[in-house]
Peer 1: 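Before I ask anything, let me first share the structure, which is written out below as structure tokens.
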Amino acid sequence: MEKTFKPKETEAKTYELWEKSGAFTPNIDSSKKPYTILLPPPNASGKMHTGNVLMIAIEDILIRWHRMKGIPSLWIPGTDHAGTETQITFERELKKIGKSRFDFDRNSLYEAIWKFVEDNKGLVDAQMRRMGASLDWSRYRFTLDKQVVETVCDTFKKLYDNGLVYRDDYIVNYCPVCGTTYADIEVDYKERSDPLYYMKYGPFTIATVRPESKFRDTALAVNPKDKRYKDYIGRTVKVQGLLGEVEMTVIADPEVDPKFGTGIMKVTPAHDPHDFELGKKHTLPVMPIIDLNGRMDFGWFFGKKDVVPKYMERAKKYHGKKVLEARAIMVEDLKAEGLLIKVDENYTHSVPVCKAGHDIEPTILPNWFIRVETLKKPAHEAVKDGEVKIYPKWREVTYHRWMENMHDWALSRQNVWGIRIPVWYEVSKNPNITASFLTSDGKVITGKLSELLLAYSLEELKAGLQRLMVPKEATYVFSKESPGKGFLQETDTFDTWFSSGQWPLVTLGYPDSPDFNYFYPTSVLETGWEILSKWVSRMIMFGVYLTGKPPFQAVYLHGIVRALDGRKMSKSLGNVINPEEYIEEFGVDALRMGLISGTANGKDFNFPRDKVIAYRNFANKLWNIARFMLFAFEKYGKDVPWYDTSLKKKLKPEDKTILKELSALVKTVDRNLESFRFAQAAEEIYDFVWHELADRYIEEIKNREDQEVCLSVLRHTVLMSLKLLHPFMPFVTEEIWQKIPGKFEELLITAKWPEVQT
RNA sequence: GGGUCCAUAGCUCAGCUGGUUAGAGCGCUUCGUUCACAUCGAAGAGGUCAUAGGUUCGAGUCCUAUUGGACCCACCA
């Protein structure tokens, strides 16, 4: 044996040994209750980050522990297509070569992204192997596997048949730059300073950051308790604006904050979520003024008759301008008209931004929706009633709050990369659908189907199709395949969380397969708390909806690994820790243990660099204990008897002490693992092995006469320690195990977990 | 605005259902290298457990308030 443990030289070999042994694939044994974990699928084209390593470490501990207990243990690997994120990454690559997604028709773009993902795929898988993850690779899934897509589409159909799917105009978080909508939970808010304009508005003064939207205001709102405006409620007032005089009704709503600005607000249902709600409540018309490219659209005004030429000139001036450009011009015009009263330059507020950091423009867009009211109730109750237990317990509040506030789920994404919604529109019946397509000579043409088909053939349009904008009253049919010649398929894809929300079902072959029947529902779902609402809640929802049973019995939420400086890791801060470097230097076992010992309580924690080093030293300590033992065996020269009860009478006090401590350790490790106290378990083993076994017991027996007794006790203790430690530090323990001659169990990974000796 | 968590040794943190002298890793001091390991061993210094009340025979651990910090959700005309 080498003087020190060299992780780099043995890790790959050891993993291969496990994989070849078939230990990762459990036997389906109907007499035993299985233990199952689904790996939260990382982004297929991504790379592992420290959070992934922690996730792998925890799940691997649970799986290896149960496997050694003789329980059929299944850990299913997979990767996610990560729709928006991947597409943004891909488009960034396109930009480098001077291209954009508009240079592709939909199918070619999809194929290009597929190829891009395929080229980058495999890195994550390789890294998972490197981490020692004892995943059953024979059951590997990707969220765009044919079978997964089929199941996801069937679920959509079922939801529709149950009346839970509808199409509607809706105010969505639309990003004009990305050309797509974002779910509420995908939107970030950025603190920013913008001028707050106080403008004259009929008899009132109102404050707004967005004067450009005023042309499509449909009401004014005040707080019903506000005495200042009491007399105006219900009345119609005349408002002189930049495009002439309009009439506006004053409504009362308790949502209006009398203390903000002047206490009176203008309502623009088409471009503000809050106003949209208000509009629905008071049945106000919804009138958009900003188009999907983020430009002002005054088309509605041009058709008007008897308009003063000055106003028409203005409308033409604003038309087609980007929001910010238009705003600047309007502010000048307001000044000129004497309508601008004052500007508060120091007003700060938070503005919604998309994943790529662009401003969100709340917009009205036809969208596919899921009605969540009936779906969320049983999912909510499953946790309330303890059918699904959440650890740590205090995280449960987040779940309940989310469930209580969850509103209908906007399902469509204007992404190409994803599962295309299995709905088809018959061209002849839907002339009002707007389509964008790429002509054979590379031009993008946009227009209504009825007009486009006069100049182009349907085949041409189909071949170059980029996207459809379908009015909500369009007729459609469900089908996974084309229902006929005259049909066009919806170009929107499902929200990524719609497919990943069905992960427990699609990985196990729902609705009917031996795996599904045996392994569903799974045992534990282990993931970061930040996707409790995005992902965990959806899985419970779909699990209960489709099978009547929640997909797992327990949820364990680990904390976020922060950088060394205690802040979130981010590229812009330059504090991102690359796990590979730590693996190279200290070994996988040390990195896993270091992270595990940081995660007590499921709280966020700083990357525990010192602990990684400490556990590297520990792996070496363990190595040297074994080395000492093998030397001692050699020196003794004869076969050391296996430890069993017949030896009891010959034991010295120190033997009895170490054996007693070992028994206590087995008990406490089991108990701690049962309640997800990984750090506690790890530290107790560490303490025992280092301080009791190495520092004390080994020193005590160095000069003993009865070597056969103490060496027998030593070997027993070492073997048991290796077993206890194996789930935590699989590589070094297996490597040592392989070096100890004459064992009954060939591989440590499948060796029998210690039981408490009485 | 609503909510969660945190405040314990110089640093990073453990301390589960309240119970004798409060723990770990790193750092620090002193000593020790043929004899498993310097990625080591032995000994040691260092904390009025944020503050103020309260419950209790007993509180770092439970309750209330205050201060400071991290984060989540919602809203922001």
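Order of the sequence lines fixes the chain letters, A, B, ..., with proteins taken first and strands second; residue numbering starts at 1 for each chain. Side chains are part of it too, since the values below use all heavy atoms of this structure and drop only hydrogens, waters and symmetry mates.
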Peer 1: Could you check how far CD1 of A/I625 sits from C1' of B/rC37, rounded to whole Å?
Peer 2: 9 Å
Peer 1: Select from A/R395 and A/D272 the residue whose nearest nucleotide in RNA chain B is closer to the 5' end of that strand.
Peer 2: A/R395
Peer 1: Any donor-acceptor pair under 3.5 Å joining the side chain of A/K621 to the base of B/rC37?
Peer 2: yes
Peer 1: I need the CD1-P distance between A/I596 and B/rG25, as an integer number of Å.
Peer 2: 19 Å
Peer 1: Please work out if A/D687 contacts a base, only the sugar-phosphate, or nothing of the nucleic acid, heavy-atom cut-off 4.0 Å.
Peer 2: nothing
Peer 1: Look at all strands and tell whether A/E699 reaches a base, only sugar-phosphate, or nothing, counting heavy atoms closer than 4.0 Å.
Peer 2: base
Peer 1: Indicate, with a heavy-atom threshold strictly under 4.0 Å, whether A/L630 touches base, sugar-phosphate, or nothing.
Peer 2: nothing
Peer 1: With both distances kept under 3.5 Å, what pairs with B/rG41, Watson-Crick or G-U wobble?
Peer 2: B/rC31
Peer 1: Whole angstroms only, please: what is the CZ-C1' distance between A/F586 and B/rC26?
Peer 2: 13 Å
Peer 1: Has A/D272 got a side-chain atom pairing as donor or acceptor with A/D275's backbone, closer than 3.5 angstrom?
Peer 2: yes
Peer 1: So A/R627, base contact, sugar-phosphate only, or nothing? Heavy-atom distance under 4.0 Å.
Peer 2: sugar-phosphate
Peer 1: Mind checking who B/rU66 pairs with, Watson-Crick or G-U wobble, both distances under 3.5 Å?
Peer 2: B/rA50
Peer 1: Starting at atom NZ of A/K3, determine the distance to atom C1' of B/rU39, rounded to an integer number of angstrom.
Peer 2: 11 Å
Peer 1: Looking across every strand, which nucleic acid part, if any, lies under 4.0 Å from A/V267 by heavy atom: base, sugar-phosphate, or nothing?
Peer 2: nothing
Peer 1: Using side chain to side chain donor-acceptor pair (under 3.5 Å), reason through A/E404 and A/H400 one step at a time and then give a plain yes or no.
Peer 2: CA-CA 6 Å; A/E404 280 153 21; A/H400 292 309; 5.4 Å; no
Peer 1: Counting heavy atoms from C-beta on, name the nucleotide in B/rG25, B/rU39, B/rA36 closest to the side chain of A/N620.
Peer 2: B/rU39
Peer 1: Among pairs that include at least one residue of residues 607-618 of chain A, which meet side-chain hydrogen bond (donor to acceptor under 3.5 Å, both in side chains), considering only residues two or more places apart or in two chains?
Peer 2: A/Y582-A/R609
Peer 1: Kindly say whether, by distance alone, the side chain of A/K568 makes a donor-acceptor pair under 3.5 Å with the base of B/rA70?
Peer 2: no
Peer 1: Once you measure the plane-to-plane angle for A/W623 and A/F5, does it fall in the parallel (<30°), tilted (30-60°) or perpendicular (>60°) bin?
Peer 2: tilted
Peer 1: Centroid-to-centroid, A/F676 to A/Y391, below 6.0 Å?
Peer 2: yes
Peer 1: Expressed as a whole number of angstroms, how long is the span from A/R609:CZ to B/rA24:P?
Peer 2: 23 Å
Peer 1: Compare the minimum distances between each of B/rU39, B/rG41, B/rU4 and the side chain of A/R616, then state the nucleotide with the smallest one.
Peer 2: B/rU39
Peer 1: Which whole number of Å gives the distance between the P atom of B/rU64 and that of B/rC6?
Peer 2: 14 Å
Peer 1: Which base, if any, makes a Watson-Crick or G-U wobble pair with B/rG25, both distances under 3.5 Å?
Peer 2: B/rC11
Peer 1: Using Watson-Crick or G-U wobble geometry with both distances below 3.5 Å, tell me the partner of B/rU17, or none.
Peer 2: none
Peer 1: According to a strict under-4.0 Å criterion, is A/N617 in side-chain N/O contact with OP1 or OP2 of B/rC40?
Peer 2: yes
Peer 1: Can you tell me the distance, in whole Å, between the NZ atom of A/K393 and the C1' atom of B/rU4?
Peer 2: 15 Å
Peer 1: Using Watson-Crick or G-U wobble geometry with both distances under 3.5 Å, which nucleotide pairs with B/rG1?
Peer 2: B/rC73
Peer 1: Look at all strands and tell whether A/Y686 reaches a base, only sugar-phosphate, or nothing, counting heavy atoms closer than 4.0 Å.
Peer 2: sugar-phosphate
Peer 1: I would like to know whether A/T268 and A/D217 meet side chain to side chain donor-acceptor pair (under 3.5 Å); could you show each step before the answer?
Peer 2: CA-CA 4 Å; A/T268 320; A/D217 295 347; 2.8 Å; yes
Peer 1: Tell me: CG of A/L622 to P of B/rC40, nearest whole Å?
Peer 2: 14 Å
Peer 1: Under 4.0 angstrom, heavy atoms only, what part of the nucleic acid is A/T208 near: base, sugar-phosphate, or nothing?
Peer 2: sugar-phosphate
Peer 1: How would you label the contact of A/A694 with the nucleic acid (heavy atoms, under 4.0 Å): base, sugar-phosphate, or nothing?
Peer 2: base
Peer 1: As a quick check of understanding, evaluate side chain to side chain donor-acceptor pair (under 3.5 Å) for A/T668 and A/N672, giving each step before the final call.
Peer 2: CA-CA 6 Å; A/T668 172; A/N672 281 316; 3.2 Å; yes
Peer 1: With a 4.0 Å cut-off on N to O distance, would you call A/K702 and A/E699 a salt bridge?
Peer 2: yes
Peer 1: Within the structure shown, what part of the strands sits under 4.0 Å from A/W529 by heavy-atom distance: base, sugar-phosphate, or nothing?
Peer 2: sugar-phosphate
Peer 1: Check every atom of B/rU4, B/rG3, B/rC37 against the side chain of A/R401 and return the nucleotide holding the closest atom.
Peer 2: B/rG3
Peer 1: Extract from the structure each pairing of a protein N or O with an N or O of nucleotides 11-20 of chain B at less than 3.5 Å, listing the distance.
Peer 2:
{"from": "B/rU12", "atom 1": "O3'", "to": "A/N606", "atom 2": "ND2", "distance (Å)": "3.4"}
{"from": "B/rA14", "atom 1": "OP1", "to": "A/K603", "atom 2": "NZ", "distance (Å)": "2.9"}
{"from": "B/rG15", "atom 1": "OP2", "to": "A/N601", "atom 2": "ND2", "distance (Å)": "3.4"}
{"from": "B/rC16", "atom 1": "O2'", "to": "A/R677", "atom 2": "NH1", "distance (Å)": "3.4"}
{"from": "B/rC16", "atom 1": "O2", "to": "A/R677", "atom 2": "NH2", "distance (Å)": "2.7"}

Peer 1: In whole Å, I'd like the distance from the CD1 atom of A/I736 to the C1' atom of B/rA36.
Peer 2: 12 Å
Peer 1: Considering heavy-atom distances to RNA chain B, does A/W690 or A/D275 have its closest nucleotide positioned more toward the 5' end?
Peer 2: A/W690
Peer 1: What do you reckon, is CD of A/E705 surrounded by more than 12 foreign heavy atoms closer than 6.0 Å?
Peer 2: no
Peer 1: Verify whether the ring centers belonging to A/F728 and A/Y686 lie closer than 6.0 Å.
Peer 2: no
